[in-house]
Amino acid sequence: MKARATVVWGMALALAFGIQACGGGGGDGEGASSSEVARVGDQTITEQDVQNALESLPKHQQARYEGVLGRKRLLDELVNRKLIVMAAEQRDLDADPDIARRVQQFRDNLLTQAYQNYMLEGIPEPTEEELRAYYDAHHEEFKVLARVNASWIKVATRDEAQAVRKRIVDGGEHFGTVAREVSIDDCSKKDGGLLGYFNPTGYVRCIGKRPEFSQMAFALEAEDVSQPFEWDDGWALIKLHEKSTERPAPFATARERIYARLKPRLTDSLMTAELERLRAQFGVDTKIDVADALGDKSADELMRLATEAGNSLDKIEYYRALIEKYPHHERADEAQFMIGFELSEQLKDYDAARVEYQKVIDNYPDSSVRESAEWMIQNMGRGTPPPFEDAQSTGEGTR
């Protein structure tokens, strides 16, 4: 009995915190059944409340409540929940300041998500024309890589490899049959030397990621058998079965990826604009003035604070404070560059980073970091930056 009681009360508490169902007088949804299935004091539980509770549970838990017995079990747990809530209210636990704060916090979180969803609904879905236009402008992002289908034979010596090639090319023997007979590569021997499909820079079955091997394979044409070549501790030859060249992926193949990239989302710029509008509408008066708090800091102190800060947002604020207070300081250009660097390399906000890098070019035309800013505008997001990255961690600048 004790174990069962623990399960029931544990589920009741989980329902109290995790399921948004069973309002004070029932929770009928639009077009839903409102038939009463239980009464607890002066409050009711409807069939729709039970259904809402069921749908709020994770999928793997819903099976526990299938059938009439499962529905009754779930109803009992909803009744237990109401009993607990009523008992808590009877003892004025809802007046506890900590409970009130947590309830308000939960309400705020729900309303925040609801307003974001409201904003999201106002963003139009990408049209087929926009999806096609993106595809036409970004062919390089949607490529089907060149690939080959090949087999190989590995033997111990060059003479053996030449003899094997002669059996296949001149004697007409089947490559796979010869591979099963003579190859010393245990990984592929049982499959007649088959390596399968691979692209120029990808992994090759039984070989690994060895670009030099792939290069030799791609130098062949379909049905070619290579000349023997030295490979690791032996000699080998390759037969190419199929070969395809790199080509654009069809629009139908790329469409889902493009849609995922263009689908409506709350961008930082959109949210920032909305928050500015709301600030103007409701009025905001904050008592913490960062500029005032940093007013007595020297440029070197601000640069040190930025270098030592534990997150990118703080770093950016310190760099901005340096630029605003000391626009002509010898390290102001470096601070401006590092704002762009944090945005692009840490926060991956390339649009915002591009604006900041451009400020280096526009405001500091003679700066030693100008070329670095130009390089980042052209190449950010495409790989590892050059060595000027060290400026972020050393604080010694990029000069």
Side-chain angles (χ1 to χ4, degrees), residues 1-96 98-123 125-126 131 252-266:
M1 288 294 293
K2 181 179 292 186
R4 174 170 171 75
T6 300
V7 171
V8 171
W9 284 95
M11 180 58 73
L13 290 173
L15 288 166
F17 287 104
I19 296 180
Q20 301 157 33
C22 289
D28 300 342
E30 182 179 351
S33 169
S34 60
S35 58
E36 180 180 314
V37 292
R39 181 174 291 274
V40 184
D42 61 352
Q43 298 186 34
T44 63
I45 300 176
T46 69
E47 184 65 38
Q48 185 61 39
D49 291 329
V50 177
Q51 184 63 29
N52 289 344
L54 180 65
E55 293 175 356
S56 297
L57 289 170
K59 290 291 185 183
H60 69 276
Q61 292 184 13
Q62 292 183 13
R64 173 186 172 134
Y65 303 104
E66 291 179 350
V68 64
L69 295 179
R71 300 288 276 193
K72 176 59 167 59
R73 191 160 49 245
L74 180 56
L75 176 60
D76 287 342
E77 291 171 0
L78 294 177
V79 168
N80 290 341
R81 176 194 176 205
K82 277 199 175 292
L83 291 170
I84 292 172
V85 171
M86 292 167 66
E89 291 175 338
Q90 188 179 51
R91 288 163 177 75
D92 294 327
L93 296 183
D94 55 332
D96 180 275
D98 184 56
I99 296 296
R101 177 186 59 80
R102 291 164 65 184
V103 169
Q104 182 63 47
Q105 185 178 52
F106 183 65
R107 179 178 182 274
D108 290 349
N109 289 341
L110 284 178
L111 288 175
T112 297
Q113 185 62 56
Y115 193 77
Q116 290 176 339
N117 290 340
Y118 165 77
M119 291 181 62
L120 191 59
E121 290 173 0
I123 305 174
E125 293 276 322
L131 295 175
T253 302
R255 186 185 182 284
E256 288 304 313
R257 288 174 57 193
I258 299 172
Y259 178 83
R261 191 162 301 178
L262 299 183
K263 71 179 180 179
R265 61 188 186 277
L266 285 181

Nearest-0.5 Å distance that lies between atom [atom1] in [X] and atom [atom2] in [Y]:
X      : Y      : atom1 : atom2 : result
Gln116 : Glu121 : CD    : CD    : 12.5 Å
Glu47  : Glu36  : CD    : CD    : 12.0 Å
Gln90  : Leu83  : CD    : CG    : 11.0 Å
Asn80  : Glu77  : CG    : CD    : 7.0 Å
Arg255 : Leu262 : CZ    : CG    : 10.5 Å
Ile258 : Thr253 : CD1   : OG1   : 10.0 Å

Next on the checklist: Ile99: which residues meet the side-chain contact (heavy atoms from CB on, under 4.5 Å) condition with it, sequence neighbours left out?
Outcome noted: Asp96, Arg102, Val103

Checklist entry - side-chain contact (heavy atoms from CB on, under 4.5 Å) with Glu55: which residues, sequence neighbours excluded? => result Gln51

Quick one: closest heavy-atom pair of [X] and [Y], and the distance?
X      : Y      : answer
Pro126 : Leu131 : CB-CD2, 4.1 Å
Val50  : Val37  : CG2-CG2, 4.0 Å
Gln62  : Leu57  : NE2-O, 3.0 Å
Asp49  : Thr44  : OD2-O, 4.1 Å

[X]: partners by side chain to side chain donor-acceptor pair (under 3.5 Å), with sequence neighbours left out:
X      : result
Gln105 : none
Asn117 : Gln113
Glu256 : none

Item to check | With sequence neighbours excluded, residues passing ring pair (Phe, Tyr, Trp, His ring centres under 6.0 Å) with Tyr115 | outcome: Tyr118

Checklist entry - So, Thr112 versus Asn109: side-chain donor-acceptor pair below 3.5 Å or not? => result no

Item to check | Any donor-acceptor N/O pair, Arg73 side chain to Arg64 backbone, under 3.5 Å | outcome: yes

